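Given the structure is predicted, the values throughout are model-derived calculations rather than measurements.
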Amino acid sequence: MNRLAVFLEGEKALTAELSSKGKILNLKTLPRTAVKQLDILGKKNFFVGILPASQVLIKTMEIKNMGQRLLKKTLLRQKEIITALPQEEAFSTARIIAENAQSALFSFQITKKKFLAQFLNEINPDMAVSTPQALFSFARHYFPRSQDLALIHFGLLETTCLHLKAGGLFTSYTINQGLEALSSKEGQEISSLTPDKKLLLEKLSTQLTNTLKAFPGQNRLTLLLTGNTQLLKHLDLFLMNANKETISALLQPEKEEEKRYAIAIGAALEALKPHPVQFLDGP
């Protein structure tokens, strides 16, 4: 069965349809109002919804190795501590991303149940994947040899910055500004931005620099760029020049379409895994 993933962004719905073998069959941008039609189309496919990064918290915690029964009890306690929310108000997943004889490093993904309910009220998927997890799957599929990465995804309304390690998601930050506030047409020169928009770009760049510097364990990282980077010409060079102390190399998908639809593609790829990280029952 094909995977049909949909990412809601403002008034738009970005969709990616992949075959059961992971081949991209279709990439489309539709009006958000077409979501119900996608639900109908999803009956012929496995339908994957994507929670926005701003509604998902990523936390990591090291837990000493113990028996399965004790581990389950410990995980339940740690989930409530980590979310700082009562268990009945939060929904979370836990996945081991690193392990040795003494301990295991868990990555927790947490969302509020009210966010999940609002999401499911608009879209009725078979699976709900977080934006950070979708981007992790995209990165591992397209750049499998790059184990430790910083990933920046430029959405229209918000920007997502991730720290990816070999085993999984380590850190995720969301900045409530996307590129739509800077440019409405493709290929705009940064030098041609109005003074107020240049100020917005500098503010966004400073926030990204501070986020990259906060990533633990690495002095300099390889940076993977995805999203709507085509809106600003030479945005990649601008970021590299602004982050020489933290970025050693730059990766980008070869095709602009794959870069723009990275979240939807990554969610569909996640849904093809035997044990996906997600918030609903899988296939």
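Residues satisfying the salt bridge (charged side-chain N to carboxylate O under 4.0 Å, His left out) test with Glu122, not counting sequence neighbours, are Arg32. Looking at residues two or more places apart in sequence or on another chain, you find a side-chain contact (heavy atoms from CB on, under 4.5 Å) between Glu202 and Phe238. By the side-chain contact (heavy atoms from CB on, under 4.5 Å) test, Ser183 pairs with Lys185, Gln188, Leu231, Leu232, sequence neighbours left out. For Glu189, the salt bridge (charged side-chain N to carboxylate O under 4.0 Å, His left out) test picks out Lys233, with sequence neighbours left out. Residues satisfying the side-chain hydrogen bond (donor to acceptor under 3.5 Å, both in side chains) criterion with Thr194, sequence neighbours excluded, are Asp196. Among residues two or more places apart in sequence or in another chain, the side-chain hydrogen bond (donor to acceptor under 3.5 Å, both in side chains) test is passed with Glu158 by Ser54. Residues passing the side-chain contact (heavy atoms from CB on, under 4.5 Å) test with Ala139 are Leu149, Leu151, Leu164, Leu224, sequence neighbours excluded. Every residue meeting the ring-ring contact (aromatic ring centres under 6.0 Å, His included) condition with Phe170, not counting sequence neighbours, appears here in chain and number order: His163. With sequence neighbours left out, Pro31 forms a side-chain contact (heavy atoms from CB on, under 4.5 Å) with Thr33, Ala34. A search for side-chain hydrogen bond (donor to acceptor under 3.5 Å, both in side chains) contacts involving Asp236 returns Gln252, not counting sequence neighbours. Every residue two or more places apart in sequence or in another chain was checked for a ring-ring contact (aromatic ring centres under 6.0 Å, His included) with Phe115, and none qualifies.
The side-chain heavy atoms of Leu250 and Thr222, taken from C-beta on, include no pair separated by under 4.5 Å. For the pair Leu4/Phe46, no side-chain contact is recorded, criterion being any heavy-atom separation below 4.5 Å from C-beta on. Under the 4.5 Å side-chain criterion, counting only non-hydrogen atoms from C-beta, Leu169 is in contact with Leu162. Side-chain contact between Ile58 and Val56 is present, with at least one heavy-atom pair separated by less than 4.5 Å. Between Val129 and Phe279, every side-chain heavy-atom pair lies at or beyond the 4.5 Å cut-off. Using a 4.5 Å heavy-atom threshold, the side chains of Met127 and Pro125 count as separate. When side chains are defined from C-beta on, Phe7 counts as touching Thr131, because their heavy atoms get closer than 4.5 Å. Ile265 is listed as a side-chain neighbour of Ile24, based on a closest heavy-atom distance under 4.5 Å.
Side-chain heavy atoms closer than 4.5 Å link hydrophobic residues (I, L, V, M, F, W, Y) into clusters, and following such links, even through other members, never connects Val277 to Phe119. Put simply, Leu199 and Leu182 are part of two different groups of oily side chains (I, L, V, M, F, W, Y) that touch within less than 4.5 Å, one to the next. Under a hydrophobic clustering in which Ile, Leu, Val, Met, Phe, Trp and Tyr are joined whenever their side-chain heavy atoms come within less than 4.5 Å, directly or via other members, Ile247 and Leu208 fall into the same cluster. Leu25 and Ile50 are assigned to two separate hydrophobic clusters, defined by single-linkage of ILVMFWY side chains at heavy-atom distances under 4.5 Å. Criterion: ILVMFWY side-chain heavy atoms under 4.5 Å apart, direct or through other members. Under it, Ile175 and Leu201 are part of a common hydrophobic cluster.
Here the CD1 atom belonging to Ile263 is positioned 6.5 Å from the CD atom belonging to Glu9, to the nearest 0.5 angstrom. We find the CG-CG distance between Leu223 and Leu251 to be 8.0 Å, quoted to the nearest 0.5 Å. Summarising the geometry, atom OG belonging to Ser92 is positioned 7.5 Å from atom CZ belonging to Phe108; distances are rounded to the nearest 0.5 Å. One distance of note links NZ of Lys213 with CG of Leu221; it measures 13.5 Å at 0.5 Å rounding. Taking CG from Leu212 and SG from Cys161, the interatomic distance works out to 4.5 Å, rounded to the nearest 0.5 Å. The distance from the CG atom of Leu157 to the CD atom of Glu180 is 5.5 Å, given to the nearest 0.5 Å.
Nearest heavy atoms, Ala264 versus Leu14: CB-O, 3.9 Å. The two atoms that bring Val35 and Ala13 nearest to each other are CG2-CB, 4.5 Å, heavy atoms only. Contact between Phe47 and Asn124 at its shortest, heavy atoms only, is CD2-O, 3.7 Å. Looking at every heavy atom in both residues, Thr211 comes nearest to Gln207 through OG1-O, 2.8 Å.
Counting non-hydrogen atoms of neighbouring residues, nucleotides and ligands closer than 6.0 angstrom, the NZ atom of Lys113 exceeds 12 such neighbours. Counting non-hydrogen atoms of other residues, nucleotides and ligands closer than 6.0 Å to NZ of Lys12 gives a total of 12 or fewer.
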Notebook entry, point to check: After noting the C-alpha distance and the side-chain angles of Thr29 and Tyr261, does the key distance pass the side-chain hydrogen bond (donor to acceptor under 3.5 Å, both in side chains) rule?
Noted result: CA-CA 9 Å; Thr29 297; Tyr261 288 87; 2.6 Å; yes
TODO: Apply the test side chain to side chain contact (heavy atoms under 4.5 Å, CB included) to residues Ile110 and Phe91: give CA-CA distance (whole Å), side-chain angles for both, the deciding distance (0.1 Å), then the verdict.
DONE: CA-CA 6 Å; Ile110 305 115; Phe91 193 100; over 6 Å; no
The test is side-chain hydrogen bond (donor to acceptor under 3.5 Å, both in side chains); show your working for Thr209 and Asn243 and say whether it passes. CA-CA 6 Å; Thr209 297; Asn243 295 282; 2.7 Å; yes
* **Test log, rule side-chain hydrogen bond (donor to acceptor under 3.5 Å, both in side chains), inputs Ser130 and Gln109** => CA-CA 8 Å; Ser130 73; Gln109 296 191 32; 2.7 Å; yes
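For residues 250-270, the salt bridge (charged side-chain N to carboxylate O under 4.0 Å, His left out) pairs, not counting sequence neighbours, are Glu256-Lys259, Glu270-Lys273.
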